[in-house]
2 protein chains.
Amino acid sequence: MAKDYGQFCGLAKASSVLGERWSLLIARDLSVAPRRFKDLHEGLPGVPTSVLTARLRDLQVAGVVTRVADERPGGGVLYALTPHGRALETILDALGRWGAGAMAAPGPQDVITDASLAAALRASYQPRATCTTTSYLIHTGAATAWAEATPTAITVGLGVPDLLADLTIHSGPELRAVLAGDLSPAAALSSGAVRIEGSSDVFERFVRTFHVPLTEAAMEVTR
Amino acid sequence: MAKDYGQFCGLAKASSVLGERWSLLIARDLSVAPRRFKDLHEGLPGVPTSVLTARLRDLQVAGVVTRVADERPGGGVLYALTPHGRALETILDALGRWGAGAMAAPGPQDVITDASLAAALRASYQPRATCTTTSYLIHTGAATAWAEATPTAITVGLGVPDLLADLTIHSGPELRAVLAGDLSPAAALSSGAVRIEGSSDVFERFVRTFHVPLTEAAMEVTR
DNA sequence: CCGCATCCGAATGGATACTG
DNA sequence: CAGTATCCATTCGGATGCGG
């Protein structure tokens, strides 16, 4: 069980619940979709099963995570966020934006997982940046995620969605430079760093809709 | 140096910077005011000096914290947040609100520090809840902090401010129940749980201006 | 297989004592 | 005041094993 800090303080409580190694990333993965133990284990490279078990138990005790039966054939158990855990979503997004601003170039060992890609899309979504509802399918490295952006809401998911996307993007980690404004959409396409299936106009819309801001103003958490 | 997670992900980066034990609370204390090493050590009960040294070094390497000279007579060194670190302020507040919703009653060992009280006031501030600029001085347990609330902004600080406050509040941890709406201002005053110097009208304004939302999980525990 | 427990070497945290 | 140095307890990471 997580240690506390001996302080009567909301932040100390939050830190004792989420401050253990891997906890935030478990919450991130579950904030995108309920997952099996095995999904979580594969999406968190290096986590020992014993630690994953312990974290999931701690998060259940803290009321953040719950176990639900998998409805699909084959059954099994899914881990999912409780309502209290879902309240973390905007905070995780804000933390992700904050960390993204300080991210170094990816090392050779760094991976991108489906869930981290989906979470990054959700975190970088800019409301009111587009007037048109558009669906995207994004491949970066070995990760695949999709997003459907309306003018005021974003939905993201893992892997390939059921419906055909308006735009499909193939890229490596260079996609982040585009979303940060460091690499223009046109340059990304012409250099071959990003390959798309769909119109370049829609790719420009994508870049307007998803943005990693560099100013502090954009790091605000929506209350 | 903090371990990373082998993921090219903003949240993984944030977690490697802030996920180590004590880091969030150090950031919280510094988000209220620059502090000396000794202040931080006293405000974080139980942290060994060696760990505090290591965290401050890691946070400096991460560009969150910087060392500045203390201008006041006596000199010395102050730790302060960098602009990048100050961008965490709204995130710390949101995390504090999230954690406050799940907080249990304070144990006998739990302390309230000046910085945690000031941070809690900042986090619980409700913009547009009042039309009048008001200054408060709050004592809870051994902690003292002040706040000046305008209709759209909040300023908080440690200890006793230079100017006389419009309202001075003496309380124990029961103050949280008032801010959570579990205890009416009138009941808090008449029961003696809260003692004020100033008008009870201004105390009502205080309770409207600072509010901790209760989550479902916490309400279940309270019932 | 999936979820979880066990075992072990390495790394980290906690408490105390000590130094520029 | 602002840290280092030291020792010990705990945790983590990785491999392996067990029951359904």
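Chain letters run A, B, ... following the sequence lines, proteins first and then strands; every chain starts at 1.
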Partners of [X] by side chain to side chain donor-acceptor pair (under 3.5 Å), sequence neighbours excluded?
X: B:Arg36; value: B:Asp70
X: B:Tyr79; value: B:Arg67
X: A:Arg122; value: A:Ser31, A:Asp93

*Would you tell me if any nitrogen or oxygen in the side chain of B:Lys38 comes within less than 4.0 Å of OP1 or OP2 on D:dA2?*
no
*A:Trp22 side chain N/O closer than 4.0 Å to the phosphate oxygens (OP1, OP2) of D:dC12?*
no
Could you pull out every donor-acceptor pair under 3.5 Å between side chains of residues 103-114 of chain B and any protein atom, sequence neighbours left out?
residue	atom	partner	partner atom	Å
B:Asp110	OD2	B:Gly107	N	3.0
B:Thr113	OG1	B:Ser116	N	3.0
B:Thr113	OG1	B:Ser116	OG	3.3
B:Asp114	OD1	B:Thr144	N	2.8

Rounded distance in Å - [atom1] ([X]) to [atom2] ([N]):
X: A:Leu40; N: C:dG3; atom1: CG; atom2: P; answer: 9 Å
X: B:Asp39; N: D:dC1; atom1: CG; atom2: P; answer: 9 Å
X: A:Leu44; N: D:dG14; atom1: CG; atom2: C1'; answer: 16 Å
X: B:Arg21; N: C:dA11; atom1: CZ; atom2: C1'; answer: 17 Å
X: B:Glu20; N: C:dA11; atom1: CD; atom2: P; answer: 15 Å
X: B:Asp58; N: C:dA11; atom1: CG; atom2: P; answer: 16 Å
X: B:Leu52; N: C:dT16; atom1: CG; atom2: P; answer: 17 Å
X: B:Ile26; N: D:dA2; atom1: CD1; atom2: C1'; answer: 14 Å

*How is A:Gly76 classified with respect to the nucleic acid when contacts are heavy atoms under 4.0 Å: base, sugar-phosphate, or nothing?*
nothing
*asked:* My understanding is that only residues two or more places apart in sequence, or in another chain, count here; which of them pass side-chain contact (heavy atoms from CB on, under 4.5 Å) with A:Ala119?
replied: A:Arg28, A:Val32
*Excluding sequence neighbours, so at least two apart, what forms ring pair (Phe, Tyr, Trp, His ring centres under 6.0 Å) with A:His170?*
A:His139
Could I get a table of every N or O pair under 3.5 Å where one atom is in the protein and the other is in nucleotides 3-8 of chain D?
residue	atom	partner	partner atom	Å
D:dG3	OP1	B:Arg67	NH1	2.9
D:dG3	OP2	B:Arg67	NH1	3.4
D:dG3	OP2	B:Tyr79	OH	2.2
D:dT4	O4	B:Thr49	OG1	2.5

*Could you tell me how the ring of B:His84 sits relative to the ring of A:Trp98: parallel (under 30°), tilted (30 to 60°) or perpendicular (over 60°)?*
parallel
*Tell me the ring-ring contact (aromatic ring centres under 6.0 Å, His included) pairs involving residues 9-66 of chain A, sequence neighbours left out?*
A:Trp22-B:Tyr5
*asked:* Contact between B:Ile138 and B:Phe206 at the side-chain level, heavy atoms closer than 4.5 Å - yes or no?
replied: yes
*For the helix from C:dC1-D:dG20 to C:dG20-D:dC1, what is the angle between the axes at its two ends, each from 5 pairs, rounded to 10°?*
30°
